[in-house]
Amino acid sequence: MPRPTQPKADPTELRVDEKGNIFGSGPRGVWIISPEGKHIGTIKIPERVSNVAWGDNDGKTLYITASTSLYRIKLKIAGIRN
């Protein structure tokens, strides 16, 4: 009997904000990991997330691409742009 598949557990497509927090696509949304490696939150997205990127003039908007949609969320801390 085949095993049920598990959602991917490791965040990918990582971005960092000015405080050193890491934002990455993961199960059920965008994971936020502190510089110490602690999971401090998840931005919940109703689709599978494929990528994240900082945008807008102030760099405080996180753009999130998913299976069929593009999301954006305004944050208090600017991201470091690549």
Side-chain angles (χ1 to χ4, degrees):
M1 176 177 240
R3 290 179 142 172
T5 58
Q6 296 294 320
K8 191 173 180 181
D10 297 322
T12 60
E13 304 300 337
L14 303 176
R15 302 292 181 256
V16 180
D17 71 14
E18 291 181 342
K19 297 252 182 182
N21 296 309
I22 300 167
F23 291 72
S25 57
R28 297 175 191 83
V30 177
W31 290 14
I32 307 166
I33 309 296
S34 73
E36 295 76 35
K38 181 180 176 190
H39 179 233
I40 57 174
T42 301
I43 301 169
K44 294 184 180 180
I45 303 294
E47 304 178 66
R48 184 180 177 117
V49 173
S50 58
N51 202 352
V52 294
W54 301 109
D56 293 348
N57 290 337
D58 62 2
K60 293 182 180 180
T61 301
L62 186 67
Y63 284 85
I64 304 162
T65 58
S67 301
T68 63
S69 305
L70 172 65
Y71 299 87
R72 68 179 176 182
I73 183 169
K74 191 73 166 173
L75 301 172
K76 294 180 181 179
I77 301 166
I80 298 172
R81 298 183 196 210
N82 302 21

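Computation of the quantities below employed the complete heavy-atom set of this structure, encompassing side-chain atoms and omitting hydrogens, waters and symmetry-equivalent molecules. In what follows, residues are counted from 1 in the order of the sequence shown. Predicted model only: the values in this text are computed from it and were never measured.
- Checking side-chain atoms of T65 against main-chain N and O of N51 turns up a donor-acceptor pair under 3.5 Å.
- Note: the hydrophobic cluster containing Y63 does not contain V30 (ILVMFWY, side chain heavy atoms under 4.5 Å, direct or indirect links).
- Side chain of D56 to main chain of D58: no donor-acceptor pair is present (N/O by atom type, distance under 3.5 Å, no hydrogens or angles).
- Classification of the H39-W31 ring pair by plane angle, with boundaries at 30° and 60°, yields tilted.
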Fill in: Check against side-chain contact (heavy atoms from CB on, under 4.5 Å), I43 and I32
CA-CA 8 Å; I43 301 169; I32 307 166; 4.0 Å; yes

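- The 12-atom threshold is not exceeded at NZ of K38, counting heavy atoms of other residues, nucleotides or ligands nearer than 6.0 Å.
- The two atoms that bring S69 and E47 nearest to each other are OG-OE2, 2.7 Å, heavy atoms only.
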Worksheet item: Hey, mind stepping through I40 and I33 against side-chain contact (heavy atoms from CB on, under 4.5 Å) and telling me if it holds?
Response: CA-CA 6 Å; I40 57 174; I33 309 296; over 6 Å; no

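- For the atom pair R15 CZ and L62 CG, the distance stands at 9.0 Å (nearest 0.5 Å).
- Taken to the nearest 0.5 Å, the OG1 atom of T68 stands 13.5 Å off from the CZ atom of R48.
- The distance from the OG1 atom of T42 to the CZ atom of R28 is 9.5 Å, given to the nearest 0.5 Å.
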Item to complete: Please assess Y71 against I73 for the test side-chain contact (heavy atoms from CB on, under 4.5 Å), listing each intermediate value before the final yes or no.
Response: CA-CA 7 Å; Y71 299 87; I73 183 169; over 6 Å; no

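- Checked by atom type and distance alone, the side chain of W54 pairs as donor or acceptor with a backbone atom of V16 at under 3.5 Å.
- Between the NZ atom in K19 and the CD1 atom in I77 there is a gap of 5.0 Å [rounded to 0.5 Å].
- A salt bridge does not link K76 with D17: none of the charged nitrogens is closer than 4.0 Å to a carboxylate oxygen.
- S34 contributes a side-chain N or O that, together with a main-chain N or O of E36, makes up a donor-acceptor pair within less than 3.5 Å.
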